[in-house]
Every structure is written in structure tokens, then in C-alpha cells.
Amino acid sequence: MQIMYRSTRSSDFRVTASQAVLQGLAPDGGLFVPEKLPRCAGDWNALASQTYQETALQIMSLLLTDYTQEELQGCIDRAYDSKFDIPQITCLKETDGVWYLELFHGATIAFKDMALSILPHLMTTAAAKNGIKDEIVILTATSGDTGKAAMAGFADVPGTKIIVFYPKGGVSAVQERQMLTQRGANVHVVGINGNFDDAQSAVKRIFSDPEMKERMAASGKRFSSANSINIGRLVPQIVYYFYAYGQLVKDGRVSAGDPINITVPTGNFGNILAAYYAKQMGLPVRKLICASNENKVLVDFFRTGAYDRNRSFRLTSSPSMDILISSNLERLIYQSCKEDPSVTKKLMDSLASSGVYRITEEMQDCMKDFYGNYASEKETSEEIARVYDSHGYVIDTHTAVASRVCRKYQAETGDHLPMVIASTASPYKFARTVVCAIRPELQKKTDFELIDALFEISGTAIPQAIEDIRTAPVLHHTVVDTQDMPGEIVRWLGI
């Protein structure tokens, strides 16, 4: 079955999967969504016997239907290889009665590697399929992890350039160091004086700016995105939820077809939306637990039906979730209003103009698969210490938010179905917060001393991604105000 893609804001745009991957964002500012989500065959015992690469081919073939099997297999083979430090690509760790799905075994030690390792290959394949000769310029805002993972994926890929904007002072020291030391002649990293929402909103405006489009076209260039607003980023994220379920069946933790729950630390709503799409495709999932930090705009939305970004922005120890505009929620809004693009556009316009929108009770009823709650900074630190002290397992700050919210959900509902928690980053990426939660007396140590202390505490090897930045030179020094982002793009591209 051929799956076509439409914009969430208009019926005028209908494109193939490869065209959606190339464009990233629809011309009207909407997000591309599949016209229909295909159903997975549901042979869970067969799924249990598959490698990660085999599961990726099965699931991605259902959604990226204008790619041939050979093209997808080539993309998968190039993406999921020795750049991951375990042959399984991802794994489940059972601790304290739940399963942590470790998604951080890639080159940049965050879950973004799971999708951004393959996106460059999907994109260059799409360009060839569609006869595109333009240079593809990846334009991305990051709250910490997407930027490094995207740069690692696209660095020195022929026919591409990548520009990453990140909030200066709004990411961890390791996250910033990873970005600023990124090599590649086609890579540009820019700090902004603002937060992630400022960067993301500016990037969206640049995508739809007619003058910028003309400049790009005249120079033989076109924009695309590596954020999860790009369907080519979202589809690979669906894969690991199917793979995780297969591993639970394989290990006898669940019987084939029995339901599970999934908890996801959530900022831009892409990772949990991928789990929701997996459920819609037939994965036996009962509840999706949306875990937020103190920037709990999503928690309030699921509880009240009102999305209100007009609140104080908090810098937390889980910076990849420091977001007040969760872009991927638009895809869920579109589905909940019976795929009426006029409704979605009206709500998104309201968000842009006033910072607020409210959905109907009928739309809220369509979101009953979700439960939302949050963990405070104190609770996040306590959860890191609790999991370590009780079980000797070290989790990062984002995973700790999810773990704490998982416990709240179970205590509140009494629902103790098998639980998978998306573990989205290596604790080494947030060594200061993690080590100080476990050993507060070490707080005066330097960042790299704390990394060494984490090695002693966890007994796990220091990732190569961390070792690489100890002595790597800083290559990127540009910082601009938000309003100067378009000018910086023009300057660096020379257009």
C-alpha cells in the first residue's frame, strides 16, 4: 500500500515519503503526516527473533513506501553499524521492576542517534530519487542533543550543509563541548542569546520566508530539517518501540500480544509521538506516560485541554526538555480533530499570536491514551540517587524524570503492566548533576573529574564521545541574537 503524506495545516500538499523527507516542513508551515497509518502484521514471536536492522526494515518499509527495499536496506546498513557501541544497537535493562530502553549507544550518546544516523542516508537517497541537484542545507534548532547527533550524521556528507542553532547557556557543559568541537567543512554551529523556543520559532519563520527561499533557489540550495518535525526523523524512532516489545517477548517477560505501558521523557513531543504511532500501527501498548520537567506545559495540556506557553521558562538539569512549544504535538492535534487541517491551522495560529489554544472535549477524548505528570528538580535528583542506591544502576537526568513520573503513575492508578522507560541519554552527558545527586560531597570537582568519578561509581566504560572532547579544540565561536539568525545563515552560506 502506497502511503502518501499531507500537511497538518492544508489539504493542498500531498507528497510521497521521500518528498516529505526532503522538504522537512510543509510549505504552509505545517508538518507532514501519513494519510493513513499502516498496520503491522502483528507476529510478535517473529518480531522477537529479529535483529534491530531487520525490525527497522520491516517497520520503515510500511511507512516510507516509495523507497525500494534495496534503498532502505542500504540506508539501514550504513546507519546501524559499528558506530553503535553494542551490536544490538539498543537494549533493555531490567531494574526495580521496569525496563529501561537504553537508546544512547550511538556516536553522540543520546537517543537522537537512533534516527539521525539514518536520516542523512534517507535524505540523499530521496534527493537522487526525485532528481534534486540542489545542495541540501539542514537548518536545525537544538535543545542539546539533536544538534550534535545531526552534525555527526551530516558531517562531510556530499551535497549537504548543516547549520545548528542552540541556546547559549541553556545546554549542559558536555552537550555544548560536543557541538563546539564538531569537525566537518559543511558544519556551522551558532549559539543564540535566547532559549530553545526562540531558536525553534525563528527556524520555522526562516523556512517559510519567501525572500530567503528566493535567495536559496538562486544559489542552487534548499532547506530541510533534522528536527523531529521531519517525518524522516520520526519514522526511525517508531522502530525501537517495536524492537523493545520483541525483546520482552523473546526474554519471556511478556506473552506475545500482551499489552505494555511506555514512559517517555518529553520535550518536543517527537519521541512519545513515535510510541503513539507504534500503538496506532498495532503495537500492544495500553498507556503512554508523558513525563515532563518543571517546564510542564504538556502536563497542564493533558489535564486541562488548554495549551498555554505564557509562563516562566525554567532552565533545568534536563535541558533537552526545556521547551514550551512542543512542535510535534501538532501532529496529535491534527489526528484528534479528525484530520481537519483548518482546525489545526486555527489552533497553531492562536499559539503563534497569543501563546494559547484550547481543544474541544471531543479532541481531549481522543487523547485518553496519554497520562501526563512531571518531576521537579529535587525529585529528579532524588530519583537518580534512589535508583543507584537501591539497584546500582545509574540514569541520566531525563531518564530520571521519566522514572519518577512512572512511579507517580503507578502509585496513582495501580496499573502495574510491564513498563518500558525510554532512557534517552548516557549519564556521562550530564555527569555533574548525576554524580552530585549520588555523591554530593564531590560537587566542587571539575566536569572532567566528575566524569572520572562517574566511571568509578557506575562501573561502565567512559564513552568514546566523552573521551574525544577532553582535548578536542573548539572550532565554533559564533553567538548571535535571535533576530540575527537569518543574517548569519546568509553570511555563512554566502548567498
### Query
Is the distance between the ring centroids of Phe302 and Tyr371 under 6.0 Å?
no
### Message
Could you check, using the six-membered ring where one of them is a Trp, whether Phe104 and Tyr428 have ring centers closer than 6.0 angstrom?
### Response
no
### Query
Taking NZ, NE, NH1 and NH2 as the nitrogens, is one of them in Asp468 or Arg177 under 4.0 Å from a carboxylate oxygen of the other?
no
### Query
Just by distance, do the side chain of Asp197 and the backbone of Ile323 share a donor-acceptor pair under 3.5 Å?
no
### Query
When you measure from the side chain of Ser224 to the backbone N and O of Val21, does any donor-acceptor pair fall under 3.5 Å?
yes
#### Entry: Asn227 (side chain) donor-acceptor with Ala141 (main chain) under 3.5 angstrom
yes
### Query
Does the pair Asp81/Lys83 count as a salt bridge with the N-to-O cut at 4.0 Å?
yes
#### Entry: Which residues share a salt bridge (Lys or Arg N to Asp or Glu O under 4.0 Å) with Lys429, sequence neighbours left out
Asp145
### Query
If you measure only the distance, is there a donor-acceptor pair under 3.5 Å linking the side chains of Gln175 and Lys148?
no
### Message
For a quick check under 3.5 Å, do His188 and Glu488 share a side-chain donor-acceptor pair by atom type?
### Response
yes
### Message
Using only atom types and a distance under 3.5 Å, with no angle test, would you say the side chain of Asn295 pairs donor to acceptor with the backbone of Leu324?
### Response
no
### Salt bridge flag under 4.0 Å for residues Glu377 and Arg314
no
### Query
When you check the gap from the basic side-chain N to the acidic O, do Asp415 and Lys287 get nearer than 4.0 Å?
no
### Message
Could you check whether Glu383 and Ser403, counting side-chain N and O atoms only, form a donor-acceptor pair closer than 3.5 Å?
### Response
yes
#### Entry: Between Gln237 and Ser228: side-chain donor-acceptor atoms closer than 3.5 Å
no
### Query
Between Tyr241 and Leu283, is there a donor-acceptor pair closer than 3.5 Å when you use the side chain of the first and the backbone of the second?
no
### Query
Do the charged groups of Asp96 and Arg386 touch, with an N to O distance under 4.0 Å?
yes
### Task
Please determine, by modelled atom types, if Gln280 and Gln335 share a side-chain donor-acceptor pair under 3.5 angstrom.
yes
#### Entry: Check: Asn293/Ser318 side-chain N/O donor and acceptor closer than 3.5 Å
yes
### Message
Main chain of Leu122, side chain of Thr125: is a donor-acceptor contact present, judged purely on distance under 3.5 Å?
### Response
no
### Query
Any side-chain donor paired with an acceptor under 3.5 Å for Asp113 and Thr108?
yes
### Test log, rule side chain to side chain contact (heavy atoms under 4.5 Å, CB included), inputs Cys436 and Lys445
CA-CA 10 Å; Cys436 291; Lys445 299 283 188 181; over 6 Å; no
#### Entry: Under 3.5 Å donor-acceptor, Thr478 side chain and Val190 backbone
no
### Task
Please lay out, stage by stage, how Arg432 and Thr397 fare under the test side chain to side chain contact (heavy atoms under 4.5 Å, CB included).
CA-CA 10 Å; Arg432 175 164 297 281; Thr397 50; over 6 Å; no
### Query
So, for Pro319 and Ser172, which heavy atoms are closest and what is the spacing to 0.1 Å?
CG-N, 4.1 Å
### Query
Is any side-chain heavy atom of Ile59 closer than 4.5 Å to a side-chain heavy atom of Met281?
yes
#### Entry: Pairing residues for His121 by the ring-ring contact (aromatic ring centres under 6.0 Å, His included) criterion, not counting sequence neighbours
none
### Task
Would you mind reporting whether Ser326 and Tyr307 have side-chain heavy atoms less than 4.5 Å apart?
yes
### Message
Taking the side chain as everything from C-beta on, heavy atoms only, tell me whether Ile289 gets closer than 4.5 Å to Met419.
### Response
yes
### Message
Tell me if the aromatic rings of Phe370 and Phe269 count as close, with their centers under 6.0 Å from one another.
### Response
yes
### Message
Show, in sequence, the C-alpha distance, side-chain angles and deciding distance for Ile333 and Met367, and conclude whether the side chain to side chain contact (heavy atoms under 4.5 Å, CB included) test is met.
### Response
CA-CA 9 Å; Ile333 294 293; Met367 300 180 185; 3.9 Å; yes
### Query
Going by atom types alone, do Thr55 and Gln50 pair a side-chain donor with an acceptor below 3.5 Å?
yes
### Task
Check whether any side-chain heavy atom of Leu57 lies under 4.5 Å from a side-chain heavy atom of Gln69, and answer yes or no.
yes
### Task
For Ser327 and Gln200, test the side chains for any donor-to-acceptor distance below 3.5 angstrom and give the result as yes or no.
yes
### Query
With side chains defined as the heavy atoms from C-beta onward, is the minimum distance between Asn193 and Val480 less than 4.5 Å?
no
### Query
Under the 6.0 Å and 45° cation-pi test, does Lys296 pair with Tyr374?
yes
### Query
Short question: side chain of Thr181, backbone of Val474 - any donor-acceptor pair under 3.5 Å?
no
### Message
Are more than 12 heavy atoms, taken from residues, nucleotides or ligands other than Arg78, located less than 6.0 Å from that residue's CZ atom?
### Response
yes
### Query
Which atom names give the shortest non-hydrogen contact between Ala291 and Thr263, and what distance separates them?
CB-CG2, 4.3 Å
#### Entry: Donor-acceptor side-chain pairing of Lys112 and Thr146 below 3.5 angstrom
yes
### Summary
Heavy-atom nearest pair, Ala465 first then Ala107, reads CB-O, 3.3 Å
### Task
Could you check if a side-chain atom of Thr90 sits within less than 4.5 angstrom of a side-chain atom of Tyr243, using non-hydrogen atoms only?
yes
### Task
Start with the C-alpha distance between Tyr393 and Tyr388, add both sets of side-chain angles, then the distance that settles ring-ring contact (aromatic ring centres under 6.0 Å, His included), and finish with yes or no.
CA-CA 5 Å; Tyr393 184 60; Tyr388 177 76; 9.8 Å; no
### Summary
Tightest non-hydrogen contact, residues Asn186 and Asp156, listed as OD1-N, 2.7 Å
### Query
Do Thr399 and Ser423 get their side chains close enough for a donor-acceptor pair, meaning under 3.5 Å?
yes
### Task
Carefully, step by step, assess Ile89 and Gln53 under the rule side chain to side chain contact (heavy atoms under 4.5 Å, CB included).
CA-CA 9 Å; Ile89 308 302; Gln53 293 86 343; 4.1 Å; yes
### Query
Mind checking whether Leu25 and Ser225 have side chains closer than 4.5 Å, heavy atoms only?
no
### Message
If you take the centroid of each ring, where Trp contributes its six-membered ring, are Phe430 and His398 closer together than 6.0 Å?
### Response
yes
### Summary
Nearest heavy-atom contact between Val264 and Ala402 is C-CB, 4.5 Å
### Query
At their closest point, which heavy atom of Glu94 faces which heavy atom of Arg253, and how far apart are they?
OE1-NH2, 2.8 Å
### Task
State whether the side chain of Arg404 and the backbone N or O of Glu382 hold a donor-acceptor pair below 3.5 Å, judged by distance alone.
no
### Message
My understanding is that only residues two or more places apart in sequence, or in another chain, count here; which of them pass salt bridge (Lys or Arg N to Asp or Glu O under 4.0 Å) with Arg311?
### Response
Asp300
